[in-house]
Protein chains: 2
Amino acid sequence: MAVGQNAELSASLEDYLEAIFNLARESNIARSKDIAKLLGVSRASVTGALRILKKKGLANYKPYDYVTLTESGRVAAAEIARKHRILKSFFINVLGIESDLAQQAACRAEHALGPGIIAKLMSFIEFVTHSGENGHDLTEQFQEFCKNTNRELERTDA
Amino acid sequence: MAVGQNAELSASLEDYLEAIFNLARESNIARSKDIAKLLGVSRASVTGALRILKKKGLANYKPYDYVTLTESGRVAAAEIARKHRILKSFFINVLGIESDLAQQAACRAEHALGPGIIAKLMSFIEFVTHSGENGHDLTEQFQEFCKNTNRELERTDA
DNA sequence: TGACAAAGTTAGCTAAGACTAACTATATTA
DNA sequence: TAATATAGTTAGTCTTAGCTAACTTTGTCA
């Protein structure tokens with residue numbers, strides 16, 4: 001088993017790791033410039049982060065070369081991306097939040113939620129969105145419920 | 001309207017604000033020592049935070065005196081505590097997470113979720129826990145669903 | 001192939017937020 | 001009321017994580 005250098009990964013480093021992971025999936029390579037753009041950060045900050053990720057054994061990094069993730073880097077990144085995906089899906093498909101907002105919130109919240117809660121959340125999304133078998137779609141029912149609540153609020157406001 | 005000094009409140013400062021708010025509700029006064037204990041932080045760090053909260057117009061702070069919140073401090077703190085409560089309630093009552101874990105996660109996640117998502121989440125909790133009228137309790141159904149899923153997983157594992 | 005542009009790095013700075021150690025003020029009590 | 005314990009503060013340090021400006025390396029194309 002690899003040394004547990006990634007035991008404590010800061011929120012910021014998780015962001016870098018996920019960015020590299022996603023860029024590599026899309027365009028096969030992760031360029032410093034694109035990481036910077038994706039995270040809204042200077043190129044110099046990316047260099048700094050890459051050095052730390054290398055030291056933690058998560059990224060294969062050599063100055064002036066392309067970045068790839070090590071095996072344990074990929075594992076860690078996949079877990080982060082998974083959390084992110086599940087949260088976003090919950091916000092969009094269950095709560096009915098608009099996609100961009102869901103994306104941002106998922107990115108910010110992802111660091112805070114451990115595996116226990118993420119697992120439950122995943123189950124819950126499945127439960128809610130596959131409830132058609134029981135003869136009722138919960139997400140639709142919830143949208144209805146929201147509309148009614150809003151209507152009541154408007155009536156109270158007026 | 002008060003000057004918007006609290007427009008950008010860091011996660012850390014939100015924690016201090018909420019701690020003061022909660023301590024003041026419980027024991028009527030918030031002592032530096034208790035804030036430090038509650039947040040797991042040194043007394044010196046509390047002093048620093050109090051100075052900033054004062055500068056932002058959120059706390060009435062005088063060295064060697066008790067701390068209270070200003071009106072806008074109370075408003076901000078109440079909103080933070082509200083988010084916290086709603087998240088915790090969702091984790092416990094909907095997802096079935098154990099109370100301590102829910103508390104911690106809510107505390108860490110609270111900063112990430114804006115008013116839009118919190119509002120929806122609140123509606124959703126209401127929707128899910130008050131669904132008895134429709135002849136079904138969703139939280140119970142979900143617990144059932146989880147049990148079945150676990151059983152299937154165990155079967156697959158074996 | 002040499003000049004220039006783009007990408008990446010380095011050095012040095014800043015700010016937030018935490019810490020410890022030493023000091024000061026307040027409270028307790030013998 | 002003087003000694004002592006407790007609470008709070010100050011000063012100085014560290015870490016994380018960002019920035020800009022200047023420099024180096026790499027890539028492109030006339």
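Every chain is numbered from 1 and lettered A, B, ... according to where its sequence line falls, protein lines coming before strand lines. In this text, all values refer to a predicted model and were calculated from it rather than measured experimentally.
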Check your understanding: Does atom CG of Asp65(A) have more than 12 heavy-atom neighbours from other groups under 6.0 Å away?
Key -> yes

Review point. Is Tyr16(A) touching bases, backbone alone, or none of the nucleic acid, heavy atoms closer than 4.0 Å?
Key: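 Counting heavy atoms under 4.0 Å across all strands, the contact made by Tyr16(A) is with sugar-phosphate only.
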
Check your understanding: So what does Val46(B) touch, heavy atoms closer than 4.0 Å: a base, only the sugar-phosphate, or nothing?
Key ->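 No contact.
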
Please tell me if [X] has a side-chain N or O lying less than 4.0 Å from either OP1 or OP2 of [N].
X: Ser42(A); N: dG18(D); result: no
X: Thr47(A); N: dT10(C); result: no
X: Arg51(B); N: dT10(D); result: yes
X: Tyr61(B); N: dT9(D); result: yes

Revision key, fill the gap. Per nearest nucleotide of DNA chain D, the residue lying toward the 5' end, Ser45(A) or Tyr66(A), is Ser45(A)

Review point. Any Lys/Arg nitrogen of Asp34(A) or Arg31(A) sitting under 4.0 Å from an Asp/Glu carboxylate oxygen of the other?
Key: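 Salt bridge: yes.
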
Check your understanding: Counting side-chain heavy atoms from CB outward, which of dT26(C), dG17(C), dG8(C) is closest to Tyr64(B)?
Key ->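 Nearest to the side chain of Tyr64(B) among the choices is dT26(C).
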
Check your understanding: Where the side chain of Ala44(B) is concerned, which of dT10(D), dG18(D), dA25(C) is the nearest nucleotide?
Key -> dT10(D)

Check the distance between [N]'s [atom2] and [X]'s [atom1] and give it to me in whole angstrom.
X: Lys33(A); N: dG27(D); atom1: NZ; atom2: C1'; value: 13 Å
X: Ile35(A); N: dA17(D); atom1: CD1; atom2: P; value: 16 Å
X: Arg31(A); N: dG27(D); atom1: CZ; atom2: C1'; value: 12 Å

Exercise for review: Among Leu39(A), Ile52(A), Leu9(A), find the one that has a side chain to side chain contact (heavy atoms under 4.5 Å, CB included) with Tyr16(A).
Suggested key: Leu39(A)

Point to revise | Phe127(A)-Phe90(A) aromatic ring centre distance below 6.0 Å | key: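 Not under 6.0 Å, so no.
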
